[in-house]
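Each chain gets a letter, A, B and so on, in the order the sequences are listed, and its residues count up from 1. Please read these numbers as outputs of a predicted model, since none were measured by experiment.
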There are 2 protein chains.
Amino acid sequence: MRIGELSEATGTSRRLLRYYEEQGLIAPRRDRNGYREYDQANVDRVAQIRGLLAAGVPTRIIRRILPCLDNPRDIHLPDAPPEVLSALEDERDRMTRRVECLTRNRDAITDYLDTVCTRASVNG
Amino acid sequence: MRIGELSEATGTSRRLLRYYEEQGLIAPRRDRNGYREYDQANVDRVAQIRGLLAAGVPTRIIRRILPCLDNPRDIHLPDAPPEVLSALEDERDRMTRRVECLTRNRDAITDYLDTVCTRASVNG
DNA sequence: GTTGACCTTCACATCAATGTGAGCGCTCGA
DNA sequence: TCGAGCGCTCACATTGATGTGAAGGTCAAC
């Protein structure tokens, strides 16, 4: 599929799809005329990228973690140098902290909404 | 405490502390000479803000959710208009999606690291 | 009373993620 | 064969979160 179709399928502007490519997050083949050629797997990958971006993970980190996620059974970096591994560990820990922070705050919002709702139904 | 001390205590630049204030996220008292005066509660609040920012929540949303979190037992917006409540619900749902995305990817990284580690100990 | 370490505001700079548009090349259907 | 609609690159604009620095006020210590 070409960029317009992927854009439709992912709800992502063409501009951004090209940007992700520039950032090394996706690598479409090129058609003879220079057009980008995507396949179905790219739809999932773009969703992945956008989820991570929305969760505050910057592209330079996404670039690092994506290779580990395609095919969890495969080793994509069999000779990954220790500093890459420890960078991954750091990022994993950062993600854990984010999850905790988001969860805590989300639960507080939920409590708040529950309280407001309860009181509204009692008082109103 | 003044801005320098809060900066120390939170590991946040003075510039950013002023920025958060400008964004309506904290509201320090002013001393007679114009200096900002903070108290201990601001340390937690700044940590909260930074956690949310790191998790991809923009300041305009943080501004909205902070009032619900100070004192979960209190109703801070007893007359919150329905559109604020539904905005909060939306944000809660967005946070849930972020948590899911982060968790999924973090677990994949963990699996990856485990696999690399296992193989290293088998092969090496 | 001057020095130094704070504080203030204001303003311009940067970086990442995006938008927007110009100028041009394919390609397909009328 | 021409125009619409897609693609390409290049480049400048914007927004949000930050850095940095200038010009100046406050205050404590010496």
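- In terms of position on DNA chain D, the residue among A/Glu5 and B/Ser13 whose nearest nucleotide sits closer to the 5' end is A/Glu5.
- Atom CD1 of B/Ile61 and atom C1' of D/dT15 are 15 Å apart (whole Å).
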### Task
Would you check, one step at a time, whether the test side-chain hydrogen bond (donor to acceptor under 3.5 Å, both in side chains) holds for B/Thr10 with B/Arg50?
CA-CA 9 Å; B/Thr10 60; B/Arg50 292 185 65 76; over 6 Å; no

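- Looking only at distances, no side-chain donor or acceptor of B/Glu21 sits under 3.5 Å from a matching main-chain atom of B/Pro28.
- Distances were taken from every side-chain heavy atom of B/Leu53 (C-beta onward) to each of D/dA17, D/dA11, D/dG7; the shortest belongs to D/dA17.
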### Task
Begin with the C-alpha distance, continue with both residues' side-chain angles, and end with the deciding distance and a verdict on side-chain hydrogen bond (donor to acceptor under 3.5 Å, both in side chains) for B/Thr110 and A/Arg92.
CA-CA 7 Å; B/Thr110 301; A/Arg92 178 200 56 193; 4.6 Å; no

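- The nearest heavy atom of DNA chain C to A/Asn33 and to A/Tyr20 marks one nucleotide each, and the one closer to the 5' end goes with A/Tyr20.
- Taking 4.0 angstrom as the limit, B/Tyr19 places a side-chain polar atom (N or O) nearer than this to OP1 or OP2 of D/dA17.
- For A/Glu8 and D/dG7, the CD to P distance is 10 Å, given to the nearest whole Å.
- The base of C/dG25 lies close enough to the side chain of A/Tyr35 for a donor and an acceptor atom to sit less than 3.5 Å apart.
- Following rounding to the nearest Å, B/Ile3 (CD1) and C/dA5 (P) show an atom-to-atom distance of 19 Å.
- The shortest side-chain heavy-atom distance between A/Ile49 and A/Leu66 falls under the 4.5 Å cut-off.
- Nucleotide C/dA17 holds its P atom 15 Å from the CG atom of A/Leu17, rounded to whole Å.
- Here B/Arg30 lies in heavy-atom contact (under 4.0 Å) with sugar-phosphate atoms only.
- Going from atom CD of A/Glu22 over to atom C1' of D/dT9 covers 11 Å, rounded to whole Å.
- No hydrogens or angles were tested; on distance alone, nothing pairs the side chain of B/Arg18 with the base of C/dT9 as donor and acceptor under 3.5 Å.
- Other residues, nucleotides and ligands contribute over 12 non-hydrogen atoms within 6.0 Å of the CZ atom of B/Arg63.
- Counting atom types as modelled, B/Arg36 pairs no side-chain N or O with a base atom of C/dT8 as donor and acceptor under 3.5 Å.
- Atom-to-atom, CD of A/Gln23 to P of C/dC15 comes out at 13 Å; the value is rounded to the nearest Å.
- Residue A/Glu21 contributes atom CD, which lies 11 Å from atom C1' of D/dC8 at whole-angstrom precision.
- Considering only the side chain of A/Arg15, C/dT20 comes nearest among C/dT20, D/dG19, D/dG7.
- Listed nucleotides C/dA16, D/dA17, C/dC7 differ in distance to B/Arg2; the shortest reach to its side chain belongs to C/dC7.
- Rounded to an integer number of Å, the gap from B/Leu16 CG to C/dC15 P is 16 Å.
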